[in-house]
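To start, the structure under review is shown below, and the notes come after it.
Starting from 1, each residue takes its place in the sequence as its number. The basis for the numbers below is simple: all heavy atoms, side chains too, and nothing from hydrogens, waters or symmetry mates.
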Amino acid sequence: MQAISQEVLEAAEVFGAALWQRVRYVILPLLKPSLQVALILRTILALQVFAVVISLSGGEVVTVLANETYRQYYTLRNMNVAAAYAALILLISMFTAVFYLRMVRSQEEARPMTTRSPSRSFRRPGFG
């Protein structure tokens, strides 16, 4: 919130924007880059946290992917299965990051760019 200048918020208020309009059309678009990074990092950290699960349940009753990866590698000495679990965590993290980036990007960024070839843009009408 400190990155948003007071002038922008005051301008929205002067133009008659209600509180929810200011939040939706002024504050959230300005915070969008920070929100993207925060959502991606929190998702990755949520997939990798297993210390809380081990401390609360002892690691045997409830398990998460990261805990199962750890258990396969260190306890059962099954490196191939542990690598597969780690790859699965990586894929889930990548897909959620792409999902967040696509869902949060603005409409201008989502619109496909139309490019014209340089040879067609300089042609005069009637000359082929």
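Both Val23 and Leu31 belong to a common hydrophobic cluster when Ile, Leu, Val, Met, Phe, Trp and Tyr are linked at side-chain heavy-atom distances under 4.5 angstrom. By the criterion of side-chain heavy atoms lying less than 4.5 angstrom apart, applied directly or through intervening Ile, Leu, Val, Met, Phe, Trp or Tyr residues, Leu45 is not grouped with Phe95; the two fall into different hydrophobic clusters. A chain of hydrophobic side-chain contacts below 4.5 Å, direct or via other Ile, Leu, Val, Met, Phe, Trp or Tyr residues, connects Met103 to Leu39. A continuous path of ILVMFWY side-chain contacts below 4.5 Å connects Val26 to Leu35, so both sit in one hydrophobic cluster. By the criterion of side-chain heavy atoms lying less than 4.5 angstrom apart, applied directly or through intervening Ile, Leu, Val, Met, Phe, Trp or Tyr residues, Tyr70 is grouped together with Met79 in one hydrophobic cluster.
In plain terms, the two heavy atoms of Val81 and Asn78 that are nearest each other are CG2-ND2, 3.1 Å. The two residues Ala17 and Arg22 come nearest to each other via the heavy atoms O-NE, 3.4 Å. When all heavy atoms are compared, the tightest approach of Tyr85 to Leu65 is CD2-CD2, 3.8 Å. Nearest heavy-atom pair, Thr69 versus Ala82, reported as atom, atom and distance to 0.1 Å: CG2-O, 3.4 Å.
The distance from the CZ atom of Arg71 to the CG atom of Asn67 is 8.0 Å, given to the nearest 0.5 Å. Distance CZ/Arg42 to OG1/Thr96: 13.0 Å, rounded to 0.5 Å. Residue Met94 holds its CE atom at 12.0 Å from CD1 of Ile92, rounded to the nearest 0.5 Å. Atom CG of Leu28 is separated from atom OG of Ser34 by 11.5 Å, given to the nearest 0.5 angstrom.
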Mind running side chain to side chain contact (heavy atoms under 4.5 Å, CB included) on Ile27 and Leu9 for me, showing each step along the way? CA-CA 8 Å; Ile27 295 172; Leu9 295 174; 3.7 Å; yes
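Of the possible polar contacts, none joining the Thr75 side chain to the Gln72 backbone as a donor-acceptor pair under 3.5 Å is found.
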